[in-house]
Amino acid sequence: MTPEDQEETQPLLRPPDSAPRGRRVFLAAFAAALGPLSFGFALGYSSPAIPSLRRAASPAPRLDNNAASWFGAIVTLGAAAGGVLGGWLVDRAGRKLSLLLCTVPFVTGFAVITAAQEVWMLFGGRLLTGLACGIASLVAPVYISEIAYPEVRGLLGSCVQLMVVTGILLAYLAGWVLEWRWLAVLGCAPPTFMLLLMCYMPETPRFLLTQHKRQEAMAAAQFLWGSEQGWGEPPVGAEHQGFHLAQLRHAGIYKPFVIGISLMAFQQLSGINAVMFYAETIFEEAKFKDSSLASVIVGTIQVLFTALAALIMDRAGRRLLLAFSGVVMVFSTSAFGAYFRLTQGGPSNSSHVDLLAPISMEPTNASVGLAWLAVGSMCLFTAGFALGWGPIPWLLMSEIFPLHVKGVATGVCVLTNWLMAFLVTKEFSSLMEVLRPYGAFWLASAFCTEPSPAPSDTGPWRRGAG
């Protein structure tokens, strides 16, 4: 890393260790994290909505198999575009304004879905919500990382993923009792709340300093941290340097690029978004009596283990959690593939299994055990993902890039993530048909075995420094 790169990665603001930490930083982080909550709801929306739309009667729009795969996947195309737009906005409009702007396509997209009379309107609404997802998935981690002091940066950074999975779980729970139109109406609530709350939150002091707005930065720091001491000035001209391809020759630039892009790619190749988008469809394929309840169980497990990851992130370290997470995901996807392999051609192996029934109910038979193998495998997969490969790529993305390339670099990472998500979610149904369900899950387990390219926990981002 060159001296210039080292200077660039130093914190612009350093709240003094002796000063009391302001609690408003948690309120500001919560306000920003409503963006990830909104895009989690948008991601989870397709799982309960697709079965409902497949059964819809005229004049409501109805989805066939091909349209259903596009309905689930098109949100990722919008998110890819949103990642590029977010990378441009975050450096020019600022972190706060970018979060405020992303509420517009969120609310508009769900409103279009609510009013949909044709399939193309459903696609248009999903595309708009995807655009907002892309912006929020980029800007929220950056905003939270820049307002958090080092001791809580891992905790608050992990809360981004926690809010995403909470949004997914809310969509599953609400989809249990609401049909797809009212579910879309509910989807307007989180971004509206974020719009109202973010209006009272400050821009990040770090961004304000790069714009030479020292007085505004001091006021923001006072609001967030309860202190104006411990300042470090930004490098001269940092906001004007921008990104040039020639900079990729420097190790301080290309190494974070490789790490960030690799983490995002392998996160999606694990198949997590396919599992979340098509959770009910997967459990229907597994012949469950109540696929909605099975989806809720999986979503609840993911929320609990993401919360656990947030609590232990700074103590356990990023690399250890990524490695452990990968091992758990390999085991669970292999087991779920084994379930489909064992039940292949079987006569409705678990079609009469009631998930609310006690495990000890009699008579106990092989089909009941296989049904619980499927539920256990999916729960283990989501738990493993939530402990490492869920929150850590997003957290590292906001930590490892020098300030003058952060907008472009995070935009490239988000674009990679969502393009890979589109590829996986769009072709997941085809893989289930071509490779059979067990083959699709065994293929996913192969990607989970990839070695994690996370930086060493002894580096400057071990506890969120830089």
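Being a predicted model, the structure only gives us computed values, none of them experimental. Below, each value reflects all heavy atoms present in this structure, side chains not excepted, and no hydrogens, waters or symmetry copies.
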**Student:** How are the rings of Phe422 and Trp70 set relative to one another: parallel (under 30°), tilted (30 to 60°) or perpendicular (over 60°)?
**Tutor:**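 Because their plane-to-plane angle lies in the 30° to 60° range, the rings of Phe422 and Trp70 count as tilted.
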**Student:** Do the side-chain N and O atoms of Thr382 and Gln302 include a donor-acceptor pair separated by under 3.5 angstrom?
**Tutor:**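 There is no such pair (donor and acceptor under 3.5 Å, judged by atom type) between the side chains of Thr382 and Gln302.
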**Student:** A side-chain contact here means heavy atoms from C-beta on lying under 4.5 Å apart; do Phe193 and Ser38 qualify?
**Tutor:**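 Not in contact.
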**Student:** Give a yes or no on whether the backbone of Leu322 and the side-chain of Trp389 come within a donor-acceptor separation of less than 3.5 Å.
**Tutor:** yes
**Student:** Could you tell me whether the side chain of Arg92 and the main chain of Gly87 form a donor-acceptor pair under 3.5 Å?
**Tutor:** no
**Student:** Does any part of the side chain of Pro202, heavy atoms only, come nearer than 4.5 Å to the side chain of Leu224, both counted from C-beta?
**Tutor:**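 A side-chain contact under 4.5 Å exists here.
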**Student:** Looking at Gln161 and Thr306, would you say the former's side chain and the latter's main chain have a donor-acceptor pair under 3.5 Å?
**Tutor:**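 The answer is no, because no donor-acceptor pair under 3.5 Å joins these two groups.
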**Student:** Out of curiosity, Asp91 CG to Phe207 CZ, how far, rounded to the nearest 0.5 Å?
**Tutor:**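 One finds 7.0 Å between CG of Asp91 and CZ of Phe207.
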**Student:** Grab the two heavy atoms, one from Arg54 and one from Ala68, that are nearest each other, plus how far apart they are.
**Tutor:**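 Smallest heavy-atom distance, with atoms named: NH2-CB, 3.6 Å.
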**Student:** Can you name the nearest heavy-atom pair linking Ala42 to Thr129, along with the distance?
**Tutor:**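 It is CB-CB, 4.3 Å.
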**Student:** After noting the C-alpha distance and the side-chain angles of Leu27 and Met201, does the key distance pass the side-chain contact (heavy atoms from CB on, under 4.5 Å) rule?
**Tutor:** CA-CA 8 Å; Leu27 177 62; Met201 298 299 113; 3.8 Å; yes
**Student:** Between atom CG of Leu99 and atom CG of Leu34, what is the distance when rounded to the nearest 0.5 Å?
**Tutor:**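 Leu99 CG to Leu34 CG: 10.0 Å, rounded to 0.5 Å.
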**Student:** Look only at the side chain of Ser145 and the backbone of Val142, and say whether a donor-acceptor pair between them is shorter than 3.5 Å.
**Tutor:** no
**Student:** What distance do Ile144 atom CD1 and Met163 atom CE have between them, rounded to the nearest 0.5 Å?
**Tutor:**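 Reported to 0.5 Å precision, the distance equals 8.5 Å.
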**Student:** Does any part of the side chain of Phe385, heavy atoms only, come nearer than 4.5 Å to the side chain of Phe305, both counted from C-beta?
**Tutor:** no
**Student:** Compare every heavy atom of Ile147 with every heavy atom of Ala28, then report the nearest pair and how far apart it is.
**Tutor:** CB-CD1, 3.7 Å
**Student:** Under 4.5 Å between any side-chain heavy atoms of Thr192 and Val107, yes or no?
**Tutor:** yes
**Student:** Starting from the C-alpha separation in whole Å, work towards a yes-or-no answer on side-chain contact (heavy atoms from CB on, under 4.5 Å) for Leu85 and Ile135.
**Tutor:** CA-CA 7 Å; Leu85 178 59; Ile135 299 173; 3.8 Å; yes
**Student:** May I ask you to decide if Gly384's main-chain N or O and Ser325's side chain share a donor-acceptor pair within less than 3.5 Å?
**Tutor:**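 At least one qualifying donor-acceptor pair exists.
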**Student:** Rounded to the nearest 0.5 Å, how far apart are CD of Glu179 and CG of Leu53?
**Tutor:** 8.5 Å
**Student:** Using only heavy-atom distances, determine whether the side chains of Ser137 and Trp418 contain a donor-acceptor pair under 3.5 Å.
**Tutor:**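 Judged by distance alone, the side chains do pair up.
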**Student:** Counting C-beta onward and ignoring hydrogens, is there a side-chain heavy-atom pair between Leu183 and Phe41 closer than 4.5 Å?
**Tutor:**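 Side chain of Leu183 against side chain of Phe41, heavy atoms only: contact under 4.5 Å found.
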**Student:** With distance as the sole test, does Ser47 use its side chain to make a donor-acceptor pair with the main-chain N or O of Gly44 at under 3.5 Å?
**Tutor:**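 Not at all, since once roles are kept as given, no pair shorter than 3.5 Å links the two residues.
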**Student:** Is any side-chain heavy atom of Leu37 closer than 4.5 Å to a side-chain heavy atom of Leu170?
**Tutor:** yes
**Student:** Side chains of Met198 and Lys96: does their closest heavy-atom pair fall under 4.5 Å?
**Tutor:**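 Contact flag for Met198/Lys96 side chains = yes.
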**Student:** Take Ser46 and Arg126 through the side-chain contact (heavy atoms from CB on, under 4.5 Å) test and state the conclusion after the steps.
**Tutor:** CA-CA 9 Å; Ser46 62; Arg126 289 286 283 172; 3.4 Å; yes
**Student:** How close do Asn417 and Met264 get, heavy atom to heavy atom, and via which atoms?
**Tutor:** ND2-SD, 3.2 Å
**Student:** Hey, mind stepping through Glu146 and Arg95 against salt bridge (Lys or Arg N to Asp or Glu O under 4.0 Å) and telling me if it holds?
**Tutor:** CA-CA 10 Å; Glu146 292 187 1; Arg95 285 60 161 148; 2.7 Å; yes
**Student:** Where do Leu162 and Val303 come nearest, in terms of heavy atoms and distance?
**Tutor:** CD1-O, 3.5 Å
**Student:** First locate atom CZ of Phe106, then atom CG of Leu131, and finally report the distance between them rounded to the nearest 0.5 Å.
**Tutor:** 9.5 Å
**Student:** How far apart are the closest heavy atoms of Leu63 and Ala67, and which atoms are they?
**Tutor:**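 Answer, listing the atom of Leu63 first, then Ala67: CD2-CB, 3.8 Å.
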**Student:** Assess the residue pair Leu308 and Leu304 against the criterion (side-chain contact (heavy atoms from CB on, under 4.5 Å)); give the C-alpha distance rounded to whole Å, side-chain angles, the decisive distance to 0.1 Å, and a yes or no.
**Tutor:** CA-CA 6 Å; Leu308 175 62; Leu304 293 176; over 6 Å; no
**Student:** Measuring from atom CG of Leu195 to atom CG of Leu101, what distance do you get when rounded to the nearest 0.5 angstrom?
**Tutor:**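 Spacing of CG (Leu195) from CG (Leu101) equals 9.5 Å.
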**Student:** Just so I know, are the side chains of Leu100 and Cys199 near enough to count as touching, which here means a heavy-atom distance under 4.5 Å?
**Tutor:**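 A side-chain contact under 4.5 Å exists here.
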**Student:** Please work out which of the three classes, parallel, tilted or perpendicular, describes the rings of Phe71 and Tyr45, given edges at 30° and 60°.
**Tutor:**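 Geometry flag for Phe71 against Tyr45: tilted rings.
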